[in-house]
Amino acid sequence: MAEAVGHFHPKKIIVTGELEELLKGYYGKDLGGRVQLAPVEALYLVEKGKIRVIEDERELSFEELFKRFSKEDPDLPLKYAAYSDLRSRGYIVKTGLKFGAHFRVYDRGDKPGKAHSKYIVLAVPEWIKLTPTDFARGVRLARSVRKGMLFAVVDDEGDVTYYSLTREKP
């Protein structure tokens with residue numbers, strides 16, 4: 001059976017080989033014969049044994065990838081905890097950069113391209129001090145793109161608790 005093999009780049013992974021399972025699972029961006037994965041997607045797929053990542057003919061372990069990607073993005077541990085948790089719950093999770101958040105999340109059963117994402121997600125550490133302005137900014141942003149706002153609060157053990165914020169009119 002053919003396999004999917006990712007090639008390391010400092011901010012992404014380009015996967016070649018057997019891509020059907022990745023595309024069916026809505027991982028990455030289809031580049032026509034290749035798939036570009038965000039760091040959290042690549043880490044998740046390596047951890048699940050779905051892809052191998054190669055650099056200079058040597059396979060990189062999950063720990064090596066995590067360490068390298070964390071150098072480029074200090075928020076990676078928070079993002080990965082939230083991404084992994086949402087994926088393990090059956091949600092399709094895509095990057096949310098152009099929406100001003102870490103991720104956009106599709107409701108179970110919804111498919112990117114056929115439905116719109118339901119939420120945008122911002123991963124934060126449990127010790128963060130958010131102001132009312134921070135909350136208002138998040139809710140305003142989510143409303144402007146017609147999505148719900150979720151804060152994924154990651155504790156020191158890597159467990160994630162989600163808080164949803166909405167605007168209420170009196």
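What you see is a predicted model, and the numbers here were worked out from it, not measured in a lab.
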Hey, could you give me the [atom1]/[atom2] distance between [X] and [Y], rounded to the nearest 0.5 Å?
X: L76; Y: L78; atom1: CG; atom2: CG; value: 9.0 Å
X: E59; Y: R52; atom1: CD; atom2: CZ; value: 5.0 Å
X: E55; Y: I13; atom1: CD; atom2: CD1; value: 9.0 Å
X: L43; Y: L37; atom1: CG; atom2: CG; value: 10.0 Å
X: E126; Y: D156; atom1: CD; atom2: CG; value: 5.0 Å
X: Y27; Y: I51; atom1: OH; atom2: CD1; value: 10.0 Å

Any chain of hydrophobic side-chain contacts (each under 4.5 Å) joining [X] to [Y]?
X: F66; Y: V93; result: yes
X: Y106; Y: L122; result: no
X: L19; Y: I92; result: no
X: M149; Y: V124; result: yes

Validation row: [X], [Y] side chains within 4.5 angstrom (heavy atoms):
X: K147; Y: V105; value: no
X: L65; Y: V46; value: yes
X: D85; Y: Y162; value: yes
X: I14; Y: V35; value: no

Practice task
Identify, with sequence neighbours excluded, every residue that meets salt bridge (Lys or Arg N to Asp or Glu O under 4.0 Å) alongside E20.
Solution key: K24

Practice task
Sequence neighbours left out, what passes salt bridge (Lys or Arg N to Asp or Glu O under 4.0 Å) with K48? Give chain and number order.
Solution key: none

Work out which heavy atom in [X] is nearest to a heavy atom in [Y]; give both atom names and the distance.
X: Y44; Y: S88; answer: OH-N, 3.8 Å
X: A123; Y: A82; answer: CB-CB, 4.1 Å
X: L31; Y: Q36; answer: CD1-CB, 3.7 Å
X: A81; Y: V160; answer: O-CG2, 3.6 Å

Practice task
With side-chain contact (heavy atoms from CB on, under 4.5 Å) as the test, would you mind laying out the steps for L60 and I54 before giving the verdict?
Solution key: CA-CA 6 Å; L60 300 176; I54 306 296; over 6 Å; no

Handout entry: Presence of salt bridge, E18 and K50, under 4.0 angstrom
Key = no

Exercise for the section: Dump the intermediate steps for side-chain contact (heavy atoms from CB on, under 4.5 Å) on T131 and K129, then the final yes or no. Expected result: CA-CA 7 Å; T131 66; K129 289 183 171 48; over 6 Å; no

Exercise for the section: Kindly assign one of parallel, tilted or perpendicular to the pair Y83 and F103, based on the angle between their ring planes and the thresholds 30° and 60°. Expected result: tilted

With no hydrogens and no angle check, do the side chains of [X] and [Y] hold a donor and an acceptor under 3.5 Å apart?
X: S117; Y: K94; answer: no
X: Y91; Y: D107; answer: no
X: R104; Y: Y119; answer: no

Exercise for the section: Go through the steps for R87 and E47 under the test salt bridge (charged side-chain N to carboxylate O under 4.0 Å, His left out), then give the verdict. Expected result: CA-CA 12 Å; R87 272 290 185 168; E47 187 175 48; over 6 Å; no

Problem - side-chain contact (heavy atoms from CB on, under 4.5 Å) between V15 and L22, intermediate numbers included - result: CA-CA 9 Å; V15 181; L22 296 182; 3.7 Å; yes

Using a 3.5 Å distance criterion without hydrogens, assess whether the side chain of [X] forms a donor-acceptor pair with backbone atoms of [Y].
X: E64; Y: S61; answer: yes
X: E41; Y: G28; answer: yes
X: R108; Y: R89; answer: yes
X: D73; Y: S70; answer: no

Exercise for the section: Assess whether ring-ring contact (aromatic ring centres under 6.0 Å, His included) is satisfied between F69 and Y80, documenting all intermediate values. Expected result: CA-CA 11 Å; F69 283 139; Y80 184 70; over 10 Å; no

